[in-house]
Engineer: 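First the structure, then my questions, so here it is.
Naming convention: chains lettered A, B, ... in sequence-line order (proteins, then strands); numbering from 1 in each chain.
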Amino acid sequence: MDMYIRVKRSKTTYFIRCKPSDKILDIKQKLQELIDQPAINQRLILPDTGEVLEDSKTLADQRVENDAVVALTLRKDENEFEEVNIVRPNDFYQARDADGANWWYDEIHNCSGNIFKRLIKCRVNDVLVCIILNLLP
Amino acid sequence: MKKEDTVKLISAEGFEFVVDKEAAMVSQTIHNMLTSPGSFAERQHGEVTFPEISTTILEKICQYFYWHLQFASGKETEFPIEPELTLELMMAANYLHT
């Protein structure tokens, strides 16, 4: 696979495998399979700019890159689509503030030995060193 | 891509991530859920709920699944991880055998 994009609507994210040369219509046809809504009822939008993506253009034409987030809105009636609605999670990481230091301290003391050692690596060195050790295929 | 070739992963907060089964099976735990003989509900409905994995972490894990497939096919890039996610991500990765 060349790349993937994340298509979001409300609390759902669809990871869609694709190529930079795919047209927007190709993406909608893949989504059609997943959401049971024909391409004509779908509108894809760049959430940051509000730009509506055009069916006949490619992902590359519209500068949609690997791992990009695209908003999906569905047709309400003949003339109108839903507004963009991507629900943001409000789990801890989004709401984090100055308590971060205390959070780290508390978590260290709750860790099992193995994770504790990995965590120490994380804090002493570049985080990627630790992550690479754990997550590389 | 067909619906039956995907699986829906659901976070503690009820957010849903629809991913290719091929990607999700980068996790040995999910692989076992989806392929074991017998009647795992997960296999029948194509949905797996993770009551202990938060939304932000589960999304990062899904991104990792796709990065892993890209890496395996020769696209060697670094996988970006925000430092504040590190601890929870390691615990989730341990649970998912990823």
Engineer: Quick check on A:Val87 against chain B: is it the side chain, the backbone, both or neither that has a heavy atom closer than 4.5 Å?
Structural biologist: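 Answer is both: backbone and side chain atoms of A:Val87 are under 4.5 Å from chain B.
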Engineer: Tell me whether A:Arg9 is salt-bridged to A:Glu82, with the criterion being a basic N under 4.0 Å from an acidic carboxylate O.
Structural biologist: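 Salt bridge: yes.
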Engineer: For B:Phe79, is the NZ or CZ atom of B:Lys60 found under 6.0 angstrom from the centre of its six-membered ring and inside 45 degrees of the ring axis?
Structural biologist: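 Cation-pi check for B:Lys60 and B:Phe79: passes.
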Engineer: Under a 4.5 Å heavy-atom cut-off, does chain A meet the side chain of B:Glu76, its backbone, both or neither?
Structural biologist: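 For B:Glu76, there is no contact with chain A at all, as no heavy atom is under 4.5 Å.
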Engineer: Side chain from CB out, backbone as N, CA, C, O: work out which of these in B:Glu4 comes under 4.5 Å of a heavy atom of chain A, or both, or neither.
Structural biologist: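 When you check distances to chain A, no heavy atom of B:Glu4 falls under 4.5 Å.
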Engineer: Give a yes or no on whether a salt bridge exists between A:Asp36 and B:Lys3, defined as a side-chain N under 4.0 angstrom from a carboxylate O.
Structural biologist: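 Answer for the salt bridge query: yes.
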Engineer: Treat each ILVMFWY residue as a node, draw an edge where side-chain heavy atoms are under 4.5 Å apart, and state whether B:Tyr95 and B:Leu34 are in one component.
Structural biologist: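 Hydrophobic grouping puts B:Tyr95 with B:Leu34.
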